[in-house]
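Everything on this sheet refers to the single structure shown next.
Because the structure is predicted, anything quoted here is derived from the model rather than measured.
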Number of protein chains: 2
Amino acid sequence: MKAELITIGDELLNGTTLNTNARWLCNRLVRIGIPVARIVTVGDVRADIVTALKHAVSRNEVVITTGGLGPTHDDVTKTAVAEFLGVPMVENTEVKEHILELFRSRNVPMPEVNLEQAQVPAGVQLIPNPIGTAPGFQFEKNRAICFVLPGVPAEMRAMMDAAVVPFLQTRFRDKLGVVLAEDIRTTGIFESRLFEKLEPISQIERWAHLAFLPHRSGVDLRLSVQAKSESEGRERLKKARTLILERIGPFVYEVGERSLETVVADLLFELKKTVAVAESCTAGLVSHLLTNVPGSSEYLLGGVVAYSNAVKQQVLGVSGKTLSTVGAVSEETAAEMANGVKHLIGTDFGLSTTGIAGPSGGTPEKPVGLVFVACAGPNGTEVRKFVFHRERLINKYRFAYAALNLLRTMLLSLKKD
Amino acid sequence: MKAELITIGDELLNGTTLNTNARWLCNRLVRIGIPVARIVTVGDVRADIVTALKHAVSRNEVVITTGGLGPTHDDVTKTAVAEFLGVPMVENTEVKEHILELFRSRNVPMPEVNLEQAQVPAGVQLIPNPIGTAPGFQFEKNRAICFVLPGVPAEMRAMMDAAVVPFLQTRFRDKLGVVLAEDIRTTGIFESRLFEKLEPISQIERWAHLAFLPHRSGVDLRLSVQAKSESEGRERLKKARTLILERIGPFVYEVGERSLETVVADLLFELKKTVAVAESCTAGLVSHLLTNVPGSSEYLLGGVVAYSNAVKQQVLGVSGKTLSTVGAVSEETAAEMANGVKHLIGTDFGLSTTGIAGPSGGTPEKPVGLVFVACAGPNGTEVRKFVFHRERLINKYRFAYAALNLLRTMLLSLKKD
């Protein structure tokens with residue numbers, strides 16, 4: 001029981017695009033117990049796609065292709081599949097309706113070329129695309145089942161989760177062992193420090209395989225087990241998880257899949273609290289992250305991007321004396337910004353950031369990477385100081401997540417009260 | 001003249017590691033005029049490596065493998081090559097000396113397993129590893145030349161630059177042309193509409209290959225040519241570019257590599273103008289993008305995230321009548337927000353967004369994806385309306401880039417005055 005991926009697109013061969021689809025698909029398939037034996041990447045060249053399909057179906061039970069389903073001349077995957085299957089292209093009225101409807105709902109005229117996307121190889125079974133115009137489809141050949149998906153990551157992922165994965169789990173129910181995985185998500189601690197605190201790793205790996213996955217928001221610890229039964233797998237995950245939480249509990253914001261912003265949002269929903277954000281160095285990023293969660297208007301009322309000192313003073317009410325004595329990047333300014341925005345917008349919590357994102361602007365006392373984050377809440381104000389990185393964009397994310405994590409801990413202590 | 005890559009390693013198939021080596025190698029080869037036709041990824045499985053080698057040498061003049069040269073039990077690339085070539089493994093004294101010397105210089109005892117690395121297939125030509133213990137090597141088969149390199153990125157890259165690239169350039173001096181590429185970056189137009197406007201594509205492709213690359217910020221048109229000389233290549237790029245700019249000029253914000261936010265930043269720097277942002281639906285994202293450019297504090301003074309109507313009224317001065325008659329998502333509100341934030345922060349430009357990011361909150365008159373962006377400048381206020389997508393995060397980016405593009409056009413017309 002093995003899968004092969006065929007990732008299609010000139011951009012994957014000319015050195016511009018990183019093949020993130022391949023990694024995502026491997027991850028998704030491995031989690032449901034289907035190992036990937038091979039990945040083939042070819043360009044938008046019909047003959048190369050046909051050859052890759054021929055080899056893939058002769059070797060594997062599952063084949064997934066991505067890419068080459070767009071409306072333009074360089075997208076040839078569909079016609080390659082038709083050639084491979086020896087069938088003509090036919091118009092699919094269901095797809096045609098979906099495309100017409102998409103453009104109707106946007107109230108914009110539809111370019112003729114989009115109707116090209118209603119053409120599919122005869123006899124294939126459609127996979128709806130909930131997000132875009134390019135439909136996917138599946139077919140069987142040589143005892144292999146093949147899924148043809150678009151290359152746009154959001155569309156491909158949505159179709160995998162909604163259609164392909166459930167289909168495979170039903171179809172191969174008896175063959176698939178149980179593969180269980182669990183993410184223990186941490187923030188505010190470097191990967192190497194985390195590793196040190198978790199030593200001896202072999203004790204944890206007696207129960208489950210452990211991988212370190214660094215993200216912008218922190219480091220995920222991925223536990224995975226392949227087991228004979230679900231209950232055995234769950235038991236082993238639990239044993240490994242317990243060892244990990246004993247050692248690094250305070251850095252864990254989630255056991256599961258929620259992002260830090262979603263964890264914070266869920267706490268705000270639960271406690272019915274509101275927040276406003278005053279951002280200097282992160283310049284809107286904290287608000288952006290907090291509003292990526294649907295329904296965020298219930299808890300985020302607004303905020304101020306206070307990039308200049310004048311805005312800090314005039315809009316947020318930071319005192320001129322604070323700015324002239326300890327400066328904009330200081331514990332005091334962070335605290336005054338958090339209280340200022342809380343007062344201005346009239347929320348339960350005020351959250352703030354002030355720091356030096358870089359690449360320049362640092363001094364020996366206040367280096368690039370230095371940030372103060374503050375949170376003013378019903379029970380007072382807390383400020384934390386961190387020194388992160390040298391790179392501007394990484395710093396902005398680290399700063400923003402440090403602020404969100406401070407808000408999380410203050411919400412948690414409110415919950416415990 | 002084509003190359004094939006074989007990237008080897010279980011970590012590339014189990015969903016943990018992104019194949020950055022493949023992209024780097026493609027980029028390096030394309031730059032010296034050798035297109036990559038195919039990438040195959042297999043695990044650390046001897047039979048799979050042998051099969052991949054067989055296919056690769058039958059199709060291409062250059063084959064490069066990476067990975068599987070380490071000292072541990074799961075590294076099998078060398079023995080796979082020996083099997084493929086039908087030769088025994090032999091100890092190479094040069095490699096042995098190199099390894100012993102490495103450990104001597106680090107002053108650490110050498111694990112016995114490292115001596116395993118002195119074993120190579122008989123008859124191959126060594127490629128020194130300036131960084132690590134795993135040597136690479138090359139051999140010829142079926143008129144193809146094969147390079148076997150380690151998977152550690154720093155080691156692989158060093159060996160490519162020091163040995164493989166110079167070898168290829170010498171060996172294929174007469175065959176290699178010049179490869180040139182150029183990006184024409186567009187925003188505010190769907191890929192399919194762009195395609196229609198560029199028809200007939202064949203006219204453009206007489207001069208250069210054209211690919212469509214969609215991003216969050218818009219669609220890039222990548223022109224590429226393979227030519228005999230640099231001047232011929234530049235001439236062909238210019239002809240293709242001219243045809244494209246005639247047809248879609250107004251949607252192009254950059255010929256080159258700059259992002260939309262960098263183009264806007266460069267105009268602000270040049271004109272010495274300042275901007276403030278009032279964001280409803282984008283909730284800080286526009287400010288975040290504008291401050292990803294180093295030195296942004298020169299032009300971005302601040303902004304307001306006006307998520308609730310109360311903030312729109314009390315902080316930005318949007319009139320209650322506007323909100324109660326035409327609503328928060330309207331041309332009027334967008335214009336008042338832009339003027340309000342310009343006035344509040346005291347800048348040359350005020351930029352605003354108000355819309356419905358989704359997934360819920362839409363109505364037949366105001367669907368999910370609807371946005372108004374406004375820009376108040378020295379010569380008045382402009383508002384634009386768009387209907388984009390159904391997906392929240394994609395919408396936020398589309399909204400933000402629509403706002404940045406409006407600011408760009410207003411800065412351009414100021415420049416022309």
Side-chain angles (χ1 to χ4, degrees), chain A residues 10-11 13-15 18-20 22-23 26-27 30 35-43 48 70-74 105-108 111-114 131 152 154 211 277 279 283-288 291-292 294 297 300-308 310-311 315 344-345 359-360 392-393, chain B residues 13-20 22-23 26-27 30 35-43 48 191-193 195-196 201 211-214 224 277 279 283-288 291-292 294 297 300-308 310-311 315 344-345 359-360 367 369 387 390-394:
Chain A
D10 289 344
E11 73 279 11
L13 295 174
N14 65 16
L18 209 44
N19 198 343
T20 54
R23 180 175 66 170
C26 287
N27 199 298
V30 166
V36 176
R38 203 176 142 96
I39 305 165
V40 176
T41 304
V42 293
D48 289 351
T72 60
H73 70 298
D74 53 359
S105 74
R106 291 175 187 162
N107 207 11
V108 287
E112 200 56 29
V113 69
N114 278 98
I131 296 175
V152 179
V277 190
E279 308 189 52
L285 180 56
V286 174
S287 300
H288 167 54
T291 57
N292 284 346
S297 56
L300 184 94
L301 302 191
V304 172
V305 174
Y307 223 51
S308 71
V311 175
V315 183
L344 175 73
I345 315 268
S360 60
R392 184 175 182 84
L393 191 57
Chain B
L13 296 173
N14 65 16
T16 54
T17 303
L18 208 44
N19 197 344
T20 54
R23 181 174 67 168
C26 287
N27 200 299
V30 165
V36 176
R38 202 176 143 96
I39 305 165
V40 176
T41 304
V42 293
D48 290 352
E191 183 180 3
S192 53
R193 175 76 61 201
F195 182 78
E196 263 190 359
I201 300 285
F212 290 72
L213 303 178
S224 55
V277 191
E279 307 189 51
L285 180 55
V286 175
S287 301
H288 167 53
T291 56
N292 283 346
S297 57
L300 184 93
L301 302 191
V304 173
V305 175
Y307 223 50
S308 73
V311 174
V315 183
L344 176 73
I345 315 267
S360 60
V387 181
R390 292 178 179 184
E391 211 269 324
R392 183 175 181 83
L393 191 57
I394 295 177

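Contact tally against chain A (heavy-atom pairs below 4.5 Å) for Ala211(B), Pro367(B), Ser360(B), Ala37(B): the top residue is Ala37(B). Top candidate by heavy-atom pairs under 4.5 Å with chain A, chosen from Ile201(B), Asn19(B), Val286(B), is Ile201(B). Comparing Val277(A), Ile131(A), Val36(A), Leu285(A) by heavy-atom pairs within less than 4.5 Å of chain B, the highest count is held by Leu285(A). Chain B forms more heavy-atom pairs under 4.5 Å with one residue of Asn292(A), Val304(A), Val30(A) than with any other, namely Asn292(A). The most heavy-atom pairs under 4.5 Å with chain A, out of Val387(B), Thr41(B), Asp48(B), come from Thr41(B). For the set Pro111(A), Gly70(A), Ala22(A), Gly284(A), the entry with the most heavy-atom pairs within less than 4.5 Å of chain B is Pro111(A). When each of Gly302(A), Ser287(A), Gly303(A) is checked for heavy-atom pairs under 4.5 Å with chain B, Gly303(A) comes out on top. Counting heavy-atom pairs closer than 4.5 Å to chain A, the top-ranked of the candidates Val40(B), Thr291(B), Asn27(B) is Thr291(B).
With a 4.5 Å cut-off on non-hydrogen atoms, Arg193(B) touches chain A through its backbone and its side chain both. Heavy atoms closer than 4.5 Å to chain A are found nowhere in Ser224(B), neither backbone nor side chain. With a threshold of 4.5 angstrom between heavy atoms, Leu393(A) approaches chain B through side-chain atoms but not through N, CA, C or O. Contacts between Leu300(B) and chain A at a heavy-atom distance below 4.5 Å involve backbone atoms as well as side-chain atoms. Contact of Val42(A) with chain B is made through backbone and side chain together, with heavy-atom distances under 4.5 Å. Within the 4.5 angstrom heavy-atom criterion, no atom of Pro35(B) approaches chain A. Using a 4.5 Å cut-off between heavy atoms, Arg38(B) contacts chain A through both its backbone and its side chain. Heavy atoms closer than 4.5 Å to chain B are found in both the backbone and the side chain of Val305(A).
What you find for Cys26(A) and Gly15(B) is that their closest heavy atoms are CB-N, 3.6 Å. When all heavy atoms of Pro294(B) and Pro359(A) are compared, the closest pair comes out as CB-CD, 3.6 Å.
Annotation: the span from Asn114(A) atom CG to Glu196(B) atom CD amounts to 8.0 Å, rounded to 0.5 Å. Rounded to the nearest 0.5 Å, atoms CG (Leu13(A)) and CZ (Arg23(B)) are 13.5 Å apart.
Every side-chain contact (heavy atoms from CB on, under 4.5 Å) that Ile345(B) has, sequence neighbours left out, goes to Val311(A), Ala276(B), Leu301(B), Val341(B), Thr347(B). Here Ser297(A) pairs with Tyr307(B) under the side-chain contact (heavy atoms from CB on, under 4.5 Å) rule; sequence neighbours left out.
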